[in-house]
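Down below is the structure, laid out as structure tokens.
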Amino acid sequence: PLAAETPFLTVASTTSTEDSGLLADLLPRFRAVSGIEVRVVAVGTGQALRVARAGDADLLLVHDRPSEEAFVAEGYGIERVSVMANDFVVVGPTTDPAGIRGMGDVAQAFARIAEHEAIFVSRGDDSGTHKAELRQWRHAGIDPTPASGTWYRELGRGMGGTLNTAAAMQAYSLADRGTWLAFLNRAGLDLLVEGDPRLQNPYSAIVVDPERHPHVKAALAQRLVDWLVSEPGQAAIGAFQVGGERLFVPRAELAPGP
Amino acid sequence: MNELSQAFSTALTLLVGLDSGLLEIVGLSLRVSGTALLLASVVGLPIGAALAVYRFRGRGAAVVALNALMGLPPVVVGLLVYLVLSREGPLASLALLFTPSAMVIAQFVLITPIVAALSRQVVADLWSEYEEQLRSLGATPGRALPTLLWDGRHSLLTTVLAGFGRAVAEVGAVIIVGGNIAHVTRVMTTAIQLETRKGDLALALALGIVLLFLSLLINAGVSLLTRATERRA
Amino acid sequence: MNELSQAFSTALTLLVGLDSGLLEIVGLSLRVSGTALLLASVVGLPIGAALAVYRFRGRGAAVVALNALMGLPPVVVGLLVYLVLSREGPLASLALLFTPSAMVIAQFVLITPIVAALSRQVVADLWSEYEEQLRSLGATPGRALPTLLWDGRHSLLTTVLAGFGRAVAEVGAVIIVGGNIAHVTRVMTTAIQLETRKGDLALALALGIVLLFLSLLINAGVSLLTRATERRA
Amino acid sequence: MTAGASILPLVARGLVYQVGGDRLLGPIDFELEGSGRTIVLGPNGAGKSLLLRLAHGLLAPSSGTLEWRTSDAAELRRRQAMVFDRAVLLRRSARANVEYALALHGSRGAERRARAAHVLERTGLARIGDRAARALSAGEQQRLALARAWALRPEVLFLDEPTASLDPAAARRVEELIVEIGSSGTAIVMTTHDLALARRIGDEVLFLHLGLLKERAPAADFFAAPGTPEAQAFQRGELTW
Amino acid sequence: MTAGASILPLVARGLVYQVGGDRLLGPIDFELEGSGRTIVLGPNGAGKSLLLRLAHGLLAPSSGTLEWRTSDAAELRRRQAMVFDRAVLLRRSARANVEYALALHGSRGAERRARAAHVLERTGLARIGDRAARALSAGEQQRLALARAWALRPEVLFLDEPTASLDPAAARRVEELIVEIGSSGTAIVMTTHDLALARRIGDEVLFLHLGLLKERAPAADFFAAPGTPEAQAFQRGELTW
Ligand SMILES: Nc1ncnc2c1ncn2[C@@H]1O[C@H](COP(=O)(O)OP(=O)(O)OP(=O)(O)O)[C@@H](O)[C@H]1O
Ligand SMILES: Nc1ncnc2c1ncn2[C@@H]1O[C@H](COP(=O)(O)OP(=O)(O)OP(=O)(O)O)[C@@H](O)[C@H]1O
Ligand SMILES: [Mg+2]
Ligand SMILES: [Mg+2]
């Protein structure tokens, strides 16, 4: 059969879903039941929103609640559907110069890092993760930006690039658990802080509104969303593991959001 | 550094194993960059030759501009082509975004100035030798162009290979207009970038080695082919 | 597409405003790529000329390899330099990773093959004219090299400008070894990529326009300078 | 030899050519009226080659005018040909060089092949027509350049030292050929340092010295009684640097 | 003129040069014994230039041997010079071309400047020494190439048609110069199509035809009584293609 005959839809997504390997695991299952091919364009959060806003994608899959709400409010998307979550973790050098290993409160951990002026690398790219990181600094009552270029380093890179840099610099950083678990170049980095409820990281799917962009394949996109929140979809999300660890939490298990 | 040795053995495994996933990516890389190079040569060589031959007001400025366009950043090219092909762009109706065709267009835009600027220099050198003779024989500049391109073909080969190198190695443009979609628009460089992001530096490097090996094969093939044709001539 | 017009007005504002943030980034771009180009020329031009002049077993293979290296992907260069400079690499003690020096090294590795391959072709053309005469005058190949580079300087200029274009436009290598750290290793191309990731395409394009404008200025300056020197000669 | 009205006469008035501040040629006035063999003589550096290039339209005068009967540039190009002092041969075979020139002038197919074969034959190159033109010996290259220009059946043929590299027999044959071309209606304008040749075949002589046209006379008169001390010295081989 | 033992004689045995399957020259045997003026004669394409290039070491024989007294390659290079039939001038002034060659031979400073000035003066180029070499007229370029080669005080000087583009007076002066160079101990090996010149200044003649050495004789004998029918025809200007 010609490839052109296969119905497909285009998803604009952040890199974490692609880089963690989740989508590569889920999408063939979806295709098997639906016959629909899903093409994933994994880019920065802002770029994903921009691509979806232009109608160049049919479905948006991101993790930055304020932007998602704005996207829907401005009429680009039909509805925000919570799909799953993972959480953020604080990673840092095995030697842990700021001594934050095992702390349960991120704000305190960040305060320690700032106090020690231990090197911290920030994504610095306005992504969902970056915004989550900035929230933690606010909770800690610290404004790191004046220190930018000294111990606080704003990279302006994706999660993978940031982790590569953190590994080489022996720096602290905030990462999403999915990317961290799937990440291979950990060289001397450890997971140091996890479990703070503030570190929850919910992902939503939004079908691009066909009233705004008549050409979008809203029906196909809706089928993917429906499958993702369906019993088998949620089971597949919950079952996805890397190195024996579960990366994403099905939405049913989520605590009500902040 | 043990990533390096690991990369080499992975590269070897990949090359020997030739698994279908890799073949697909390699094939697309070559198809996209090859097509872009073909188009860029068809457009860029005559432009370069014309800039070497025709005298007109502003020629100096045009040459400077062309040379400057060799510094066109791939990401910028990607953005421009994206805006043109996007649903809100003028060519939305072609529905080319996130297809290999879009990648061809982006690489074409990227390397045409390179092919043109380098061939301008090659042809200008040849023209300085041929000019009086060709004008004397009654060749208009338009008739002189093909002659110059033909007689300069050996030197122009390096120009074209430079264009190929630039196309096959760039990632910034194709990732924006292609989207690095698995099985659809994933090429060697976007795959390398993906593996780098995932922290699998050894695999990324291995793919890089495979890509270089391919370039080497192609360059060697071109070189043998040219020598063979020359021997016959 | 209204990003395009917006990009132009933003670019204009940036150029007129010349705010210090932009100046910092622009300055670093030029410093890094300029230094890399200088080093690549010092190394690449003689290598290219030598490959054109010296006859040795395996010269054909060396030329093919050099031409293939024009297709070295920036990301791969970035990874290699990263591995060499990283904490576990052989040059860890220099602590160069994530500094502008690392970026210079990466761009140097990237463009030296380009400068060498293109200059080989230029020098080979000149050598085919000069060879018998220079050998007759008793010039060893070693003595011939500077003569060829000097007499071919006009054509080699395009080669060097191609190297500059490649260096100043690439992002894949510098982002890996530089890290795109604000105020430390952020250059024009990494900034463009960042704005693209953020979805601020207008700003990304505006930065691209600024970068192209700079390239244009530099190319124009070089062109005027060469003409002025020629007039004096 | 050519159809339609002649492009001659060529009239030069106040012709000057300079590079930078140096006046290399002129001011010069002369007319080239019709067919016949005009020989341009003068010591090295007198400006003979510059004059030919100016007349042939390859250089633009710095001042003064050069006017043909017609001002149709394409027509002028088509009806003239030139053999340079230093042949510029294209990177192809000797025969292909001739055929290339013929193709530019619209000659096609069998006609083109026949004409190329004829001119190669007459210049003694038939046997080596398939050699790379640039590998030919000095004299062979010079003959090829002549063959290529002559193949075009020009109305005016500029020849810059066309026998300089020829062996004695070849020089004789080429001399006969030039006379024959001239007799069939082509105006020949030729430089040479071979005064005996100039005396034998010249109708008119232009004598240049230091960029100036010192003398213009029928060849017989010029050689019998040169009108200027420079021309006298030149003929005695004593007009030295 | 040069210090140390001579690099001569040069002995060629079974010398052959071919390209692809074509034998362009040879087999040829000859010796070049000492100073004196050897003239290489022959029709266009006979192989004169090839022979000079082989002897000068620019081409490698396809078979046969060419041996100098010494086998020190650098020494051989240093003690020979050649003027090509088509001057290859570097992209710099006439004077700089000469000084460049002198610099390659280790000449420095005031000595170099003085030598360059001297050879330019003797070849009538002093006045235009600062012009771009490649803009010079045909004859000026030919003289510059001679000046540059002579400046190096070679022990063996190969000259390929060194007077082809010279005006009558320049040809006379250059002839005198060649005789003078020969008399001061430099062995001259020269091709020319000017038989009168060959007769005046030649000590010995090598006559080539179709790549073969047909005759080798003292110049006086060669011109008085050519030993082969080809040489006879050649001298009558009748050895044609
Ligand atoms: N572009 C140039 N720049 C400077 N000088 C030039 C240029 N072109 C020609 N000349 C000078 O102009 C003079 C005339 O040159 P031309 O070639 O016309 O001489 P000619 O009469 O043909 O001499 P020859 O008999 O040697 O061929 C020469 O002295 C030459 O050096
Ligand atoms: N590389 C080559 N390939 C093919 N033929 C060649 C090559 N080099 C020289 N020839 C041929 O060899 C022959 C001898 O050339 P050469 O230049 O030695 O002649 P010559 O005796 O110097 O003639 P001239 O008097 O015209 O200068 C010529 O017929 C030429 O066409
Ligand atoms: Mg002349
Ligand atoms: Mg010869």
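In what follows, chains carry the letters A, B, and so on, assigned in the order in which the sequence lines appear, proteins first and then strands, with residues in each chain numbered from 1.
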Should A/Glu194 and A/Arg177 count as an ion pair when the cut-off is N to O under 4.0 Å? yes
Which atoms of A/Ala42 approach chain B - backbone, side chain, both or neither, heavy atom under 4.5 Å: both
If I measure from the heavy atoms of chain B, does A/Asp19 come under 4.5 Å with its side chain, its backbone, both, or neither? both
Walk me through it: do A/Arg39 and A/Glu37 pass the test salt bridge (Lys or Arg N to Asp or Glu O under 4.0 Å)? CA-CA 7 Å; A/Arg39 300 184 175 181; A/Glu37 177 191 348; 3.1 Å; yes
Is the positively charged end of A/Arg186 above the ring of A/Trp180, judged by distance under 6.0 angstrom from the centroid and angle within 45° of the axis? yes
Can you tell which part of A/Thr10 gets under 4.5 Å to a heavy atom of chain B, answering side chain, backbone, both or neither? side chain
Salt bridge check, B/Asp200 against B/Lys198: does any charged N sit closer than 4.0 Å to a carboxylate O? no
Given a strict heavy-atom distance threshold of 4.5 Å, which part of A/Ala182 is in contact with chain B: side chain, backbone, both, or neither? backbone
Decide if atom CD of A/Glu74 counts as having more than 12 heavy atoms of other residues, nucleotides or ligands within a radius under 6.0 Å. yes
Under a 4.5 Å cutoff for heavy-atom pairs, which residue among A/Leu23, A/Val43, A/Val216, A/Thr15 has the most contacts with chain B? A/Thr15
Determine the option with the most heavy-atom pairs under 4.5 angstrom with chain B, choosing from A/Asp56, A/Val40, A/Asn164. A/Asp56
